[in-house]
Asks: 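Quick one: structure below, then a few questions.
Bear in mind the structure is a predicted one, so any value in this text is a computation, not a measurement.
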Amino acid sequence: MKATAAIRTGLQSILDDYRIGPMLDIPCGDLPWMSTMELSGIYYRGADIVPDLIEYNNMTHGSEYQFHVIDAVKDPIPKVDLIFCRDMLQHLPMSDVMIVLNKFYNSGSKYLLVTSYNNRDRNGKDIEPGGYQPWNLFIEPFKLDTPLRVIKEGGHSVNEKDKAMYLMDLKQLWRNR
């Protein structure tokens with residue numbers, strides 16, 4: 001809970017200030033902290049690539065929320081007010097990150113709240129799916145536009161001190177598009 005204090009406060013503010021209705025949390029994980037959020041009035045949909053996790057979430061939280069198996073690289077992304085994408089893209093190769101960002105953009109959703117590491121002047125070498133690379137989504141090759149809001153998260157290691165979540169208007173996701 002301590003590690004998510006800034007995220008919980010920042011996310012709650014965004015949910016309230018932007019009057020979020022439907023929300024997609026991808027990847028949702030097992031809801032250790034999300035289930036503590038004030039989500040009344042929010043149509044919460046959790047999605048993850050792990051079928052057993054989705055089954056568990058449906059058994060434990062299915063009366064309050066909806067959960068679906070969604071592979072963000074391969075499956076359609078539903079239209080919502082807010083796509084909440086924390087700690088996913090840094091485990092994907094560059095080409096898959098671009099696919100996912102394009103799917104988010106083309107979903108017709110309003111906003112994206114996404115993890116990025118922005119005190120880096122260049123992105124590191126590409127990775128295999130499931131690896132780890134702290135991508136800066138605001139420089140080449142991704143080049144996202146100016147965020148509406150920033151939630152400074154910090155990380156669990158020295159290499160993640162620049163970790164933050166950035167609220168993006170999906171209609172204006174890229175700088176030069």
Asks: Please collect all side-chain hydrogen bond (donor to acceptor under 3.5 Å, both in side chains) contacts where either partner lies in residues 47-56, sequence neighbours excluded, each pair once.
Replies: none
Asks: Does Gln133 offer a backbone N or O that forms a donor-acceptor pair with the side chain of Lys125 under 3.5 Å?
Replies: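 Not a single qualifying donor-acceptor pair exists.
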Asks: Identify the residue among Asp16, Thr9, Asp17 that makes a side-chain hydrogen bond (donor to acceptor under 3.5 Å, both in side chains) with Ser13.
Replies: Asp17
Asks: Nearest 0.5 Å, what's the NZ-OG distance between Lys171 and Ser109?
Replies: 10.5 Å
Asks: Just by distance, do the side chain of Glu128 and the backbone of Gly130 share a donor-acceptor pair under 3.5 Å?
Replies: no
Asks: Listing request: all side-chain hydrogen bond (donor to acceptor under 3.5 Å, both in side chains) pairs with a residue in residues 18-37, at least two apart in sequence or in separate chains.
Replies: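 The answer is Asp25-Tyr44.
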Asks: Kindly say whether Arg120 contributes a backbone atom to a donor-acceptor pair with the side chain of Asn136 at under 3.5 angstrom?
Replies: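 Yes, because the side chain of Asn136 sits within donor-acceptor range (under 3.5 Å) of the backbone of Arg120.
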Asks: Would you mind listing every side-chain hydrogen bond (donor to acceptor under 3.5 Å, both in side chains) that reaches into residues 59-69, with sequence neighbours excluded?
Replies: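 Passing the test, one end in residues 59-69: Tyr43-Gln66, Gln66-His68.
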Asks: Does a sphere of radius 6.0 Å around NZ in Lys110 hold more than 12 heavy atoms from other residues, nucleotides or ligands, not counting ones at 6.0 Å or beyond?
Replies: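 Incorrect, the count does not exceed 12.
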Asks: Could you give me the CA-CA distance, side-chain angles and deciding distance for Tyr132 and His91, then say whether side chain to side chain contact (heavy atoms under 4.5 Å, CB included) is met?
Replies: CA-CA 5 Å; Tyr132 174 78; His91 298 294; 3.8 Å; yes
Asks: Can you tell me which residue among Leu11, Ile7, Ile83, Leu148 is in a side-chain contact (heavy atoms from CB on, under 4.5 Å) with Leu113?
Replies: Leu11
Asks: Is the Trp135 ring parallel, tilted or perpendicular to the Phe142 ring (thresholds 30°, 60°)?
Replies: perpendicular
Asks: When you measure from the side chain of Lys103 to the backbone of Lys74, do you find a donor-acceptor pair of N or O atoms at a distance under 3.5 Å?
Replies: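 Side chain of Lys103 to backbone of Lys74, a donor-acceptor pair under 3.5 Å: yes, one is there.
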